[in-house]
Protein chains: 2
Amino acid sequence: MRKISDSTIRRLSVYLRFLEQAKSPTISSGELARLGGTTSAQVRKDLSFFGSFGKRGLGYSVPELTRRIRDILGLERGYRVVLVGAGRMGGALVQYHGFRQRGFHITAIYDQDSRKIGSRWNGLVVRDVKHLETDLKKDPSDIAIVATPAESAQHVVDRLVRSGVKAILNFAPVPLNVPPDVEVKTVNMALELETLSYSLANR
Amino acid sequence: MRKISDSTIRRLSVYLRFLEQAKSPTISSGELARLGGTTSAQVRKDLSFFGSFGKRGLGYSVPELTRRIRDILGLERGYRVVLVGAGRMGGALVQYHGFRQRGFHITAIYDQDSRKIGSRWNGLVVRDVKHLETDLKKDPSDIAIVATPAESAQHVVDRLVRSGVKAILNFAPVPLNVPPDVEVKTVNMALELETLSYSLANR
DNA sequence: TTCTGTGAATAGGTTCACAGCT
DNA sequence: AGCTGTGAACCTATTCACAGAA
């Protein structure tokens with residue numbers, strides 16, 4: 001398959017959010033653009049990589065386009081997600097409603113700290129991270145969320161990769177090394193604040 | 001000032017993190033690149049937008065480059081940050097060590113929910129969001145973090161903008177409208193998972 | 001010799017503009 | 001007439017490659 005840019009995928013995801021809230025049966029590229037903060041040409045180009053979903057003179061059928069984008073993004077199948085790191089951030093993520101809503105189900109939580117192990121979080125019992133490999137062998141997961149301290153992140157990731165995890169959402173503030181068939185997305189909040197600092201400093 | 005791309009700024013922020021951990025007194029663009037997951041040419045180009053900080057044949061002085069990047073990013077001055085939304089995510093952010101470490105001080109927390117108002121969070125008392133404008137008039141902040149539900153985010157942002165906030169880090173999963181002199185960075189975690197879903201679906 | 005600094009070349013993403021359906 | 005689909009033009013970011021300083 002043709003290489004699609006990350007920004008296109010992110011925009012599709014944004015369009016999807018608005019399609020799901022749309023009231024009218026059809027929507028134009030211009031309207032989607034306005035909602036998603038982009039241009040109508042961009043919307044049409046983004047969609048054109050995957051096919052021709054619209055009707056000229058009319059726009060896009062909301063239910064059809066919704067279905068198509070969900071399909072492109074692979075959201076139909078639903079995912080089992082394991083979370084490593086039961087700190088504050090892990091806690092927020094477990095509760096985060098947006099994940100479940102989108103078909104991402106957190107099925108297990110791991111931590112190192114014996115004070116956390118055994119406690120219940122949103123219906124899940126925090127397990128000792130030493131069980132990570134054996135658990136994943138029994139119940140594989142495609143996606144893991146890493147919310148550990150920076151120091152342990154790479155080690156945890158190595159173990160996840162060995163256990164067959166293919167995609168990792170990383171909240172630890174370090175770039176992670178993984179083999180080319182594994183996808184990592186790092187969310188670094190301090191870094192986001194620093195870009196804001198830069199824009200404040202340069203005006 | 002010449003327009004610098006967001007990706008350059010983000011990489012500077014990554015380099016800075018490694019410079020602060022570096023042990024040797026000098027470092028080459030190749031080494032910084034390896035640590036930061038990029039190329040040596042990229043490192044040199046990024047830095048060249050702001051000056052010539054290295055010595056040919058030698059590399060960059062770690063303390064000097066650290067200072068220069070902190071200066072470029074505007075991190076020397078320190079920032080007062082207000083947080084709106086005392087939910088799970090807000091709680092995680094208040095505790096997040098990376099912020100304080102980098103000179104971002106959360107000075108107030110606001111919420112709408114009377115059950116949360118008055119409770120202590122990390123030494124701060126959660127205040128009723130109705131005091132937002134009067135508080136900001138007394139003690140202005142340049143930066144706000146918005147961690148409210150999607151529905152209230154735009155309204156909160158309008159009030160922040162009217163109160164003189166110039167930079168917003170948004171965790172609500174909606175694009176926000178702000179005047180051109182205000183900078184917004186949105187972190188949307190469900191969206192990050194969706195890009196991972198896409199890459200799993202297309203292999 | 002090593003490693004920076006930087007124009008030039010390349011690649012990639014966005015916008016334009018218009019032909020072609022409905 | 002309205003709005004899509006898309007090649008072409010444009011613009012921006014990355015990579016190359018090499019001259020030049022330590």
Side-chain angles (χ1 to χ4, degrees), chain A residues 1-15 18-19 22 24-69 72 175 195 198-199 202, chain B residues 1-15 18-19 22 24-69 72 175 195 198-199 202:
Chain A
M1 165 174 279
R2 159 91 176 280
K3 174 76 175 78
I4 305 295
S5 79
D6 193 60
S7 22
T8 289
I9 301 305
R10 300 174 80 88
R11 281 190 299 266
L12 289 182
S13 183
V14 171
Y15 305 154
F18 289 108
L19 286 165
S24 42
T26 65
I27 194 165
S28 67
S29 57
E31 179 66 2
L32 263 181
R34 197 183 54 78
L35 294 166
T38 179
T39 66
S40 64
Q42 184 74 78
V43 171
R44 296 198 301 279
K45 182 65 88 179
D46 286 338
L47 296 173
S48 78
F49 294 131
F50 301 96
S52 311
F53 307 137
K55 291 217 184 343
R56 290 163 198 241
L58 241 159
Y60 302 87
S61 148
V62 169
E64 191 204 332
L65 189 56
T66 305
R67 202 170 342 106
R68 296 292 197 133
I69 295 182
I72 292 164
T195 67
Y198 173 78
S199 68
N202 298 283
Chain B
M1 165 174 278
R2 160 89 178 281
K3 174 76 177 79
I4 305 294
S5 79
D6 192 60
S7 22
T8 289
I9 301 304
R10 300 174 80 89
R11 281 190 300 266
L12 289 183
S13 183
V14 171
Y15 306 153
F18 289 108
L19 285 166
S24 42
T26 65
I27 194 163
S28 68
S29 57
E31 179 65 2
L32 263 181
R34 196 184 56 76
L35 293 166
T38 180
T39 66
S40 65
Q42 184 73 78
V43 171
R44 296 199 301 279
K45 183 65 90 179
D46 286 339
L47 296 174
S48 78
F49 294 131
F50 300 97
S52 311
F53 308 136
K55 290 216 185 345
R56 291 165 197 240
L58 240 161
Y60 301 87
S61 147
V62 169
E64 191 203 332
L65 190 56
T66 305
R67 201 170 343 105
R68 295 291 197 135
I69 295 183
I72 291 164
T195 67
Y198 172 79
S199 69
N202 299 91

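These numbers come from the heavy atoms of this one structure, side chains and all, not from hydrogens, waters or symmetry mates. A note on names: the letters A, B, ... follow the listed sequences, proteins ahead of strands, and every chain is numbered from 1.
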Candidate nucleotides D/dT15, C/dC21, C/dT15, ranked by approach to the side chain of A/T39 - the nearest
C/dT15
If you apply the rule side chain to side chain contact (heavy atoms under 4.5 Å, CB included), what do you find for B/L12 with A/Y198, and how did you get there?
CA-CA 10 Å; B/L12 289 183; A/Y198 173 78; over 6 Å; no
Measure the NZ-OG distance between B/K45 and B/S29 for me, rounded to the nearest 0.5 Å.
13.0 Å
Nearest non-hydrogen partners of B/V62 and B/L19, listed with the distance:
CG1-O, 3.6 Å
From the set D/dG2, D/dT15, D/dA19, return the single nucleotide nearest to any side-chain atom of B/K45.
D/dT15
Can you tell me if B/S52 touches the phosphate of C/dT4, counting only side-chain N or O atoms and a distance under 4.0 Å to OP1 or OP2?
no
Does A/S7 place a side-chain N or O at less than 4.0 Å from the phosphate oxygens OP1/OP2 of C/dG13?
no
note: B/L32, atom CG; C/dG5, atom P; distance rounded to Å ~ 12 Å
Quick one: is C/dA19 close enough that its OP1 or OP2 comes under 4.0 Å of any side-chain N or O from A/R56?
no
Figure out the CG/C1' separation between B/D46 and C/dT4, and round it to whole Å.
14 Å
Tell me which nucleotide among D/dT14, D/dA22, C/dG20 gets nearest to the side chain of B/Q42.
D/dT14
In whole angstroms, the gap separating P of C/dG7 from CZ of B/F49 amounts to 11 Å
Roughly, in whole Å, what's the span from CG in A/L58 to C1' in C/dT22?
7 Å
With DNA chain C as reference, determine whether A/T8 or A/G57 sits nearer its 5' end, using the nearest nucleotide of each.
A/T8
Rounded to whole Å, please give me the gap between CG in B/L47 and P in D/dT15.
15 Å
When A/I27 is tested against each of A/L58, A/T66, A/L32 for side-chain contact (heavy atoms from CB on, under 4.5 Å), which residue passes?
A/L32
Rounded to the nearest Å, what distance is computed from the CZ atom of residue B/R10 to the C1' atom of nucleotide D/dA13?
15 Å
May I ask you to verify if any side-chain N or O of A/R11 is less than 4.0 angstrom from the OP1 or OP2 atom of C/dT14?
yes
Any side-chain heavy atom of B/F50 within less than 4.5 Å of one from B/I4?
yes
Less than 4.0 angstrom between a side-chain N/O of B/Y60 and OP1 or OP2 of C/dG5, yes or no?
yes
Distance, rounded to the nearest Å, where B/K55 contributes NZ and C/dG5 contributes P
9 Å
Would you mind telling me which of D/dT14, D/dT4, C/dT6 lies closest to the side-chain atoms of B/S48?
C/dT6
Provide, to the nearest angstrom, the distance between the CZ atom belonging to A/F50 and the P atom belonging to D/dG5.
14 Å
Out of D/dT4, C/dT4, D/dC16, whichever nucleotide has its closest atom nearest the side chain of A/S28:
D/dT4
